[in-house]
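To start, the structure under review is shown below, and the notes come after it.
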Amino acid sequence: MPELPEVETIKRQLDVVLKGLRIERVKVINPKCFQGDQKQIEGQKVKKVSRRAKITFIELENGLYLAIHLKLTGQLIFRKKEEKEQKFCDQKEGPFAVCELPNKFTRVIIRFDKGNLFYNDLRMFGWIKIVKSLEEVGGEKLGPEAIDEKEFSFDYLKKVLAKTSRPVKIIIMDQQKIAGIGNIYANEALFKAGILPSRSSSSLKGLEIKKLRESIISVLKEAIEKKGTSDKDEAFRQITGEKGSFQNCLMVYGKAGEDCPGCKGKIKRISLGGRGTFFCEECQN
DNA sequence: TGATATGTTATCTT
DNA sequence: CAAGATAACATATC
């Protein structure tokens with residue numbers, strides 16, 4: 001699902017494509033997904049596109065932002081006006097195929113002078129909000145960015161983990177403590193660090209904390225390079241409609257019953273905090 | 001048919 | 001009151 005690497009991929013691509021374009025009209029097909037008065041942004045030019053945690057911000061020249069959260073199944077697809085041919089069509093068309101746009105899951109269409117930005121969202125958990133600041137979408141509550149090596153320091157992580165005995169996986173997924181990690185990368189980072197997801201946070205030793213931090217940073221950065229994860233059923237697409245490729249690099253996520261890549265054992269699955277949790281009992285402790 | 005998937009928040013419990 | 005746990009949100013898939 002869209003976590004930091006997926007949103008970063010979208011942010012980078014949108015910044016290139018939208019910068020300087022003018023919003024002509026906003027068509028809200030499903031009002032549940034759009035908050036604010038679209039007249040405030042019609043006619044505005046895009047200054048740049050940025051990201052905080054899993055939220056994308058389209059910054060406009062009048063100082064307003066379009067804040068977008070994709071939640072579980074949101075997609076942002078940009079199609080140039082003259083681009084009739086639909087690229088990156090899935091062989092077998094699932095609910096997340098973007099061959100034809102708009103489709104039945106298109107909730108908002110933002111028409112620019114040079115193309116259309118389609119917001120698709122099957123489950124409609126996600127949203128687009130017109131805001132004046134990050135605070136309006138909870139920005140002040142967020143912890144440091146998980147890929148910010150300065151802010152997300154060893155000392156910071158050590159301090160956060162020392163405060164609680166809850167499972168370490170739950171803590172690293174808590175956006176108020178560290179921003180950007182979701183279920184996929186929490187599982188992957190813990191495997192890479194050799195730490196069981198259920199381990200009490202306060203029981204981690206200095207060396208384990210160091211390894212966990214390094215694993216989080218390296219997994220996220222590699223996933224950004226691979227342009228995110230589009231697993232079997234997954235909604236995530238780049239703004240062209242193309243899938244990401246980090247699903248080919250997953251070690252444990254979604255692999256219950258399969259061989260562990262590090263030993264002879266099998267990947268186990270448990271539920272932690274109501275989320276699927278994947279690990280190897282041999283390699284993680 | 002019902003269990004399952006997920007990010008965030010609201011709400012309940014300790 | 002805060003921390004922690006859990007339900008709710010929507011819907012397609014197996």
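Just so it is clear, the structure is predicted and the values come from calculations on it, not from any experiment. The chains referred to below are lettered A, B, ... by the order of the sequence lines, with proteins before strands, and numbering in each begins at 1.
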* Structure fact -> In whole angstroms, the gap separating P of B:dT9 from NZ of A:K141 amounts to 7 Å
* Structure fact -> Rounded to whole Å, CD of A:E136 lies from P of B:dT8 at a distance of 18 Å
* **Residue list, salt bridge (charged side-chain N to carboxylate O under 4.0 Å, His left out) with A:E149, at least two apart or on another chain** => A:K221
* **Between C:dA10 and B:dT11 - P atom distance, rounded Å** => 15 Å
* To do: Using a heavy-atom cut-off of under 4.0 Å over every strand shown, decide if A:Y253 touches base, sugar-phosphate, or nothing.
  => sugar-phosphate
* **By side-chain contact (heavy atoms from CB on, under 4.5 Å) - contacts of A:Q40 (at least two apart)** => A:D37, A:L64, A:I130
Could you go through residues 167-183 of chain A and list every donor-acceptor pair under 3.5 Å that involves a side-chain atom there, pairing it with any protein atom two or more places apart or in another chain?
| residue | atom | partner | partner atom | Å |
| --- | --- | --- | --- | --- |
| A:K169 | NZ | A:N183 | OD1 | 2.7 |
| A:K169 | NZ | A:G276 | O | 3.4 |
| A:K169 | NZ | A:T277 | OG1 | 2.9 |
| A:D174 | OD1 | A:Q176 | N | 2.9 |
| A:D174 | OD2 | A:K177 | NZ | 2.8 |
| A:Q175 | OE1 | A:G180 | N | 2.8 |
| A:Q175 | NE2 | A:M173 | O | 3.0 |
| A:Q175 | NE2 | A:I181 | O | 3.0 |
| A:N183 | OD1 | A:N187 | ND2 | 3.4 |
| A:N183 | ND2 | A:G276 | O | 3.0 |

* **Qualifying residues under salt bridge (charged side-chain N to carboxylate O under 4.0 Å, His left out), relative to A:E281, sequence neighbours excluded** => A:K268
* Asked: Can you list the stems that include DNA chain C, where a stem is three or more consecutive Watson-Crick or G-U pairs with distances under 3.5 Å?
  -> B:2-5 with C:11-14, B:7-14 with C:2-9
* Asked: At under 4.0 Å between heavy atoms, what does A:G276 touch on the DNA or RNA strands: base, sugar-phosphate, or nothing?
  -> sugar-phosphate
* Structure fact -> Residue set satisfying ring-ring contact (aromatic ring centres under 6.0 Å, His included) with A:F78, at least two apart, ordered chain then number -> none
* To do: For A:K163 and C:dA3, give me the distance from atom NZ to atom P, rounded to whole Å.
  => 9 Å
* Within 6.0 Å of NZ in A:K129, more than 12 heavy atoms from elsewhere -> yes
Extract from the structure each pairing of a protein N or O with an N or O of nucleotides 10-14 of chain B at less than 3.5 Å, listing the distance.
none

* Distance below 4.0 Å between A:H69 side-chain N/O and B:dT8 OP1 or OP2 -> yes
Under 3.5 Å, which protein N or O atoms sit close to an N or O of nucleotides 6-12 of chain C? Give each pair with its distance.
| residue | atom | partner | partner atom | Å |
| --- | --- | --- | --- | --- |
| C:dA10 | O4' | A:R123 | O | 2.9 |

* **Side-chain N,O (A:T164) to OP1/OP2 (C:dA3) below 4.0 Å** => no
* Pairs where residues 131-182 of chain A contributes a residue and the test ring-ring contact (aromatic ring centres under 6.0 Å, His included) is met, not counting sequence neighbours -> none
* Structure fact -> Sorted by chain and number, sequence neighbours left out, side-chain hydrogen bond (donor to acceptor under 3.5 Å, both in side chains) with A:K47 holds for none
* Asked: Does anything in residues 182-200 of chain A pair up under salt bridge (charged side-chain N to carboxylate O under 4.0 Å, His left out), and if so which pairs, sequence neighbours excluded?
  -> A:R199-A:E208
* **Non-neighbouring partners of A:Y185 that pass ring-ring contact (aromatic ring centres under 6.0 Å, His included), sequence neighbours left out** => A:F246
* Identified salt bridge (charged side-chain N to carboxylate O under 4.0 Å, His left out) partner of A:D15 from the options A:K11, A:R12, A:K19 -> A:K19
* Asked: So, is A:Q175 near the phosphate of B:dT8, with a side-chain N or O under 4.0 Å from OP1 or OP2?
  -> yes
